[in-house]
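Just the heavy atoms: all of them, side chains too, but no hydrogens, waters or symmetry mates, feed the values below. We name chains A, B, ... by the order of the sequence lines, and we start the count at 1 in each one.
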Amino acid sequence: MPLVTRNIEPRHLCRQTLPSVRSELECVTNITLANVIRQLGSLSKYAEDIVGELFTQANTFASRVSSLAERVDRLQVKVTQLDPKEEEVSLQGINTRKAFRSSTIQDQKLFDRNSLPVPVLETYNTCDTPPPLNNLTPYRDDGKEALKFYTDPSYFFDLWKEKMLQDTKDIMKEKRKHRKEKKDNPNRGNVNPRKIKTRKEEWEKMKMGQEFVESKEKLGPSGYPPTLVYQNGSIGSVENVDGNSYPPPPLSDSTSPPSPSFSEDSLPPPPAEFSCPADGNQRGPGLAGPKRSSVVSPSHPPPAPPLGSPPGSKPGFAPPPAPPPPPPMMGIPPPPPPGGFGSPGTPPPPSPPSFPPHPDFAAPPPPPPPPAADYPTLPPPPLSHSGGGGAPPPPPPPPPPGPPPLPFSGTESLSVAPPLSDATKPKSSLPPVSDARSDLLSAIRQGFQLRRVEEQQEQEKRDVVGNDVATILSRRIAVEYSDSEDDSSEFDEDDWSD
Amino acid sequence: MAGQEDPVQQESHQDWVNREYIEVITSSIKKIADFLNSFHISCHSRLATLNEKLTALKRRIEYIEARVTKGETLT
């Protein structure tokens, strides 16, 4: 529905109740003429606004043009002074000079409040402000702003940011794991002599056009290659293929934001359900119902997941919920769905079915033992505010891999995972791993305290780091690109070392 | 009878004249509004093209400057 930018004010000229006068026709005529004059007034106001906008834009361009003209003049002078014989053509000269870097400034924050045109801003200001829920913030336990549960403009960006950061961490974990494996098995390369890696196959695949490339796992032409290298060598980074790759941050505002983007992925239900209930709790009971129903349906047959689809393609929620024990968790599904809002325990139940077919996934070994301890650590606090705490924002909890037969504690732990990141969990719970098996209570205490400290550190780190789309995306791309490069370079090193 | 109808007829005739006058004015207002909209759109698009050209030009100038300088700073 298009928004009207400029509305000329008295819309109807003579739709008014008439005062009781003898000559009604004249009265109507006079009223109409007066409204016409008011219309002309608002018209002139908008005309002035339009022309003023164009004027300011033209002015900025004029200044840019003048500065560019100066530079061109200087260059012209300089070039005429160039003498080909005097040119320094030594090899050292080539290497010592600083390489040329063009300024790659990306436009950001295009649709911000500041760039809203003035008439639309005026219309916006005539709307009611949201209720002053922030007065309730001091009474909250978890320190979040109360208004954010009613309306949060930065919700989608935060969601996307979490996902991106999560993906970068997963990629780094995978890299470390690969390196570890290589170190552990130094003779692995000898047993299976590796095929020589050539780019010929790739180029041949791309011969017919990028659209017909079939990825290894037969994802289809719309599969997700980590870096889309086009034929002219440029790298296409943000290719929104079914929203599967880096979804652009302002996801279309649907009631279930993550679910469309994860629709094709192997793990749609768990992240969607996890975040949707979280969102539902924040948005109010009215929305939780439809959201839940919309999300539950795709949950039953999680599509045969694209095995080995590059780790980067997985949503941010995928990595941490590494295969939780299906049997213990299966008992959980029935109660939580009718249970209502406070228990995002629903995410783990659907996740087990989807996880078994995920062997490729680099569910890193460090997480398995630590999350086992994590779950024991969480039960007591969750029990205190399982209903009131509200579902946590996006960061998914680490799954209990292996046997930890704590399904109940598992669900509770999911319900209380305040801004925890997954990277902290492995680190924080490594010390109490051995304790968990022996003394549950002390492990809980230790783990919980440890995690709090690390949590603060993580948060501080996050606040310091750049908070805009470009930096986050560039970091993610860098990690992923360097990941593939590192792998290949490591392979090459093996080659030469043998 | 004719005497009674005359003022009424005159009045309604006058009313119609007035309405036609108002109609002319309002249709011109609409034309002005249309003109402003199309002017706005066309100016925006031209300025956007200009913006692109300026950006491309700026990048080329930067490249040429980098090629031409032999380590001295451009004054």
Side-chain angles (χ1 to χ4, degrees), chain A residues 5-6 8 13-14 23-26 28-33 35-37 39-40 42-44 46-51 53-58 60-62 64-65 67-72 74-79 81-82 86-88 93 96-105 107 117, chain B residues 6-75:
Chain A
T5 308
R6 298 176 182 92
I8 294 197
L13 286 177
C14 42
S23 60
E24 287 190 347
L25 293 173
E26 272 188 27
V28 165
T29 309
N30 293 339
I31 288 177
T32 313
L33 284 170
N35 279 336
V36 161
I37 295 177
Q39 278 190 344
L40 280 171
S42 67
L43 184 66
S44 67
Y46 288 137
E48 192 248 350
D49 178 51
I50 288 174
V51 172
E53 216 181 291
L54 294 169
F55 178 72
T56 48
Q57 269 197 333
T60 49
F61 287 172
R64 281 171 73 179
V65 163
S67 70
L68 279 177
E70 280 180 25
R71 286 166 85 171
V72 165
R74 268 185 254 137
L75 268 180
Q76 197 181 24
V77 166
K78 196 136 190 263
V79 164
Q81 291 171 353
L82 272 182
E86 286 179 14
E87 281 281 328
E88 156 196 350
T96 53
R97 275 201 226 172
K98 184 182 161 191
F100 172 70
R101 292 247 177 244
S102 73
S103 59
T104 51
I105 299 175
D107 277 342
Chain B
D6 263 345
V8 176
Q9 198 182 42
Q10 261 183 6
E11 219 180 291
S12 61
H13 179 70
Q14 185 61 35
D15 182 56
W16 278 113
V17 166
N18 295 341
R19 281 178 192 264
E20 193 194 339
Y21 178 63
I22 289 173
E23 186 59 37
V24 165
I25 295 180
T26 47
S27 54
S28 346
I29 288 181
K30 287 174 196 162
K31 279 190 205 161
I32 295 178
D34 274 340
F35 163 75
L36 275 178
N37 282 339
S38 48
F39 177 71
H40 182 62
I41 289 175
S42 80
C43 272
H44 255 298
S45 66
R46 284 178 204 250
L47 284 173
T49 334
L50 194 55
N51 188 17
E52 280 180 20
K53 288 188 189 169
L54 281 176
T55 321
L57 188 56
K58 188 172 160 209
R59 289 176 63 147
R60 283 159 69 184
I61 287 183
E62 282 179 6
Y63 174 68
I64 296 178
E65 280 173 355
R67 278 295 292 263
V68 164
T69 51
K70 294 185 226 168
E72 77 239 13
T73 53
L74 279 175
T75 48

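- For B/Ile25, the part lying under 4.5 angstrom from a heavy atom of chain A is the side chain only.
- Expressed to the nearest 0.5 Å, how far CD of A/Glu48 lies from CG of B/Leu36 amounts to 11.5 Å.
- Within the model, atoms CG of A/Leu75 and CZ of B/Arg60 stand 12.0 Å from one another, a figure rounded to the nearest 0.5 Å.
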- [ ] Could you walk me through whether A/Thr32 and B/Glu23 pass the side-chain contact (heavy atoms from CB on, under 4.5 Å) test, one step at a time?
- [x] CA-CA 10 Å; A/Thr32 313; B/Glu23 186 59 37; over 6 Å; no
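- A/Glu26 is not listed as a side-chain neighbour of B/Glu11, based on a closest heavy-atom distance of 4.5 Å or more.
- Considering CG of A/Leu43 and CD1 of B/Ile32, their distance stands at 5.5 Å, rounded to 0.5 Å.
- The two atoms that bring B/Leu47 and A/Gln57 nearest to each other are CD1-OE1, 3.1 Å, heavy atoms only.
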TODO: Please test A/Arg6 against B/Asn37 for side-chain hydrogen bond (donor to acceptor under 3.5 Å, both in side chains), starting from the C-alpha separation and ending with a verdict.
DONE: CA-CA 10 Å; A/Arg6 298 176 182 92; B/Asn37 282 339; 5.6 Å; no
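- Taking OG1 from A/Thr29 and CD from B/Gln14, the interatomic distance works out to 8.0 Å, rounded to the nearest 0.5 Å.
- One finds the SG atom of A/Cys14 at 6.0 Å from the CZ atom of B/Arg19 (value rounded to the nearest 0.5 Å).
- Taking every heavy atom of both residues into account, A/Leu54 and B/His44 meet most closely at CD2-N, 4.1 Å.
- Heavy atoms closer than 4.5 Å to chain B are found in the side chain of A/Val28, but not in its backbone.
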Open item on the list: Working note: B/Glu62 + A/Arg71, criterion side-chain contact (heavy atoms from CB on, under 4.5 Å); need CA distance, chi angles, decisive distance, verdict.
Closed with: CA-CA 9 Å; B/Glu62 282 179 6; A/Arg71 286 166 85 171; 3.3 Å; yes
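- Minimum heavy-atom separation, A/Arg64 to B/Thr55: NH2-OG1, 3.5 Å.
- Both the backbone and the side chain of B/Leu54 come within contact range of chain A, each with at least one heavy atom under 4.5 Å from a heavy atom of that chain.
- For the atom pair CG of B/Asn51 and CZ of A/Phe61, the computed distance is 4.0 Å after rounding to the nearest 0.5 Å.
- Side-chain contact check for A/Leu33 versus B/Tyr21: some heavy-atom pair is nearer than 4.5 Å.
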